[in-house]
Student: 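Pasting in a structure now, in structure tokens, and then I'll have a few things to ask.
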Amino acid sequence: MSDPRILTVRPQPDEYAWTFGGAPPVARIAPGTVLDVYTEDCFAGRVRSEKDLVSEVCEFPYLNPQTGPFHVEGAEPGDTVAVHFVSVEPARDWAASTTVPLFGALTSTHTTATLQPPLPETVWIWQLDRARRTALFRARDSDIELELPLDPMHGTVGVAPANLEVRSALVPDAHGGNMDTPEMRAGVTCYLGVNVDGALLSLGDGHARQGEGETCGVAVECAMNTVVIVELLKGVTTSWPRIESDTHIISTGSARPLEDAFRISQLDMVQWLVRDYGFSELDAYQFATQAVESPVANVCDTNYTCVAKIRKEWLPARETHRGVHARLRETAATLRN
């Protein structure tokens, strides 16, 4: 195997994309390219202390800056781009989380309108110990301090949408985008269906960790140094973003209401079992019903995201997505050595 091409990208503050679609590519890459990228946090690095309120230091809608997009040579509608996350590492020793008025799962929002006043803006700065792999929570209203393990992930990865659409980087949908699932961590491969020539792949929104659901709407937000390998599967269609780890196959669905996001992820899992594992549709429906795990990724974004995941050890020994995950894992191992 020849050594992969490595492209290092460290964007300047004015070089980020704020949408999926509608932004010119920052580079053209061949399939098999390794991207060594820096991604800024969702606040573009502007929330640095407990005094930095989002409403004062950030300008809506310029939130969730994305590194990219990257034009993948040869990618056409009907193909699939595979993005393997080799490493996802916090770029700083601190991260920020906040409450944002009219945003989150347990407050009034613009679409869940009530007479209740908005929650107050509050900022928490988390200290990250990258050597010990911990994130320190300090309560604002007491002397409580608690450590949680680092679990770095990317809240946002996606391609340009179909039908000439341009979508905010805050929105998850069939093109990927702001799915906010903790499954998007190092060691997994994300499969994204191509909608436009070149796919136009972008990623960002690093989280040092995040609970399922991202209840308050904001994770432990941090800049990331991330390495991914980008591959192209010609003639393989992927309707909704899929993730493959060493242990699970994972489907996603993003929509409102929440039950529609759930249905999309479950249907995609059934269709995945039919296409690659030899099930009939009804057999897949029955098997998935008894075997699936269904974490909620986010219940706060413009669309909600649900996940359906099944353990590989419970499935027939079949190859999925042309075995690209296993091959990219091997390539990733050579990069780390």
Side-chain angles (χ1 to χ4, degrees), residues 6-20 23 26-27 34-54 56-70 83 85-98 100 123-138 148-158 168-170 176-182 184-188 190 201-211 214 216-228 298 301:
I6 299 176
L7 176 64
T8 300
V9 178
R10 300 290 184 267
Q12 296 299 309
D14 62 348
E15 293 178 334
Y16 291 100
W18 304 94
T19 62
F20 286 90
V26 299
V34 176
L35 294 177
D36 178 354
V37 301
Y38 173 87
T39 66
E40 192 46 274
D41 67 36
C42 69
F43 308 117
R46 297 189 179 102
V47 178
R48 293 174 169 267
S49 76
E50 294 177 352
K51 297 179 181 179
D52 292 328
L53 302 183
V54 174
E56 296 176 356
V57 301
C58 296
E59 179 186 359
F60 188 83
Y62 295 103
L63 296 166
N64 230 16
Q66 301 299 301
T67 299
F70 298 95
V83 184
F85 287 83
V86 178
S87 61
V88 182
E89 291 295 328
R92 295 191 281 248
D93 290 327
W94 57 271
S97 192
T98 70
V100 177
V123 176
W124 291 262
I125 299 298
W126 291 65
Q127 298 303 316
L128 309 182
D129 189 326
R130 291 179 284 181
R132 295 178 54 244
R133 312 299 294 172
T134 60
L136 177 64
F137 167 76
R138 287 195 176 103
L148 294 175
L150 284 181
D151 188 9
M153 52 163 280
H154 274 277
T156 306
V157 57
S168 163
L170 295 171
N178 196 30
M179 296 177 285
D180 284 322
T181 170
M184 204 73 74
R185 55 173 63 92
V188 309
C190 176
L201 169 71
S202 301
L203 71 160
D205 190 26
H207 299 171
R209 65 166 297 112
Q210 179 211 300
E214 198 181 18
C216 84
V218 185
V220 183
E221 310 282 345
C222 69
M224 288 290 181
N225 290 316
T226 294
V227 177
V228 299
N298 93 78
D301 289 335

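Note that the structure is a prediction, hence the values are computed from the model and not measured. Numbers here simply count residues along the sequence, with the first being 1.
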Student: Checking Tyr62 now: which residues fulfil ring-ring contact (aromatic ring centres under 6.0 Å, His included) with it, not counting sequence neighbours?
Tutor: Trp18
Student: Holding to side-chain contact (heavy atoms from CB on, under 4.5 Å), I want the full list of residues that pass it with Ser87, two or more places apart in sequence or in another chain.
Tutor: Val227
Student: Drop me the distance from Leu35's CG to Leu201's CG, to the nearest 0.5 angstrom.
Tutor: 7.0 Å
Student: Can you tell me which residue pairs pass the salt bridge (Lys or Arg N to Asp or Glu O under 4.0 Å) test with a partner in residues 7-18, sequence neighbours excluded?
Tutor: Arg10-Asp36
Student: Using the test salt bridge (charged side-chain N to carboxylate O under 4.0 Å, His left out), find all partners of Arg209 that sit at least two apart in sequence or belong to another chain.
Tutor: none
Student: Keeping Ser97 on the side-chain end and Ala219 on the backbone end, is there a donor-acceptor pair under 3.5 Å?
Tutor: yes
Student: Who passes ring-ring contact (aromatic ring centres under 6.0 Å, His included) against Trp126, sequence neighbours left out?
Tutor: Phe137
Student: With sequence neighbours excluded, tell me which residues meet side-chain hydrogen bond (donor to acceptor under 3.5 Å, both in side chains) with Asp129.
Tutor: none
Student: Who passes side-chain contact (heavy atoms from CB on, under 4.5 Å) against Met224, sequence neighbours left out?
Tutor: Thr39, Val88, Pro90, Pro152, His154, Cys222, Thr226
Student: Among residues at least two apart in sequence or on other chains, which ones pass side-chain contact (heavy atoms from CB on, under 4.5 Å) with Val26?
Tutor: Phe70
Student: How about Leu170 and Asp301: do any of their side-chain heavy atoms sit closer than 4.5 Å?
Tutor: no
Student: Ignoring hydrogens, what is the shortest heavy-atom contact between Met153 and Thr181? Give both atom names and the distance.
Tutor: CE-O, 3.4 Å
Student: Which pairs pass salt bridge (Lys or Arg N to Asp or Glu O under 4.0 Å) with one or both residues in residues 42-53, sequence neighbours excluded?
Tutor: Glu50-Arg140
Student: May I ask you to test the Met179-Val157 pair for a side-chain heavy-atom distance under 4.5 Å?
Tutor: yes
Student: Can you list the residues that meet the salt bridge (charged side-chain N to carboxylate O under 4.0 Å, His left out) rule with Glu40, with sequence neighbours excluded?
Tutor: Arg92
Student: Just to verify, what does Gln66 make a side-chain hydrogen bond (donor to acceptor under 3.5 Å, both in side chains) with, not counting sequence neighbours?
Tutor: none
Student: Is any side-chain heavy atom of Asn178 less than 4.5 Å from a side-chain heavy atom of Asp205?
Tutor: yes
Student: Indicate yes or no for a side-chain donor-acceptor contact from Asn298 to the backbone of Glu214 under 3.5 Å, with no hydrogens or angles considered.
Tutor: no
Student: Sequence neighbours excluded, which residues qualify as side-chain hydrogen bond (donor to acceptor under 3.5 Å, both in side chains) partners of Asn225?
Tutor: none
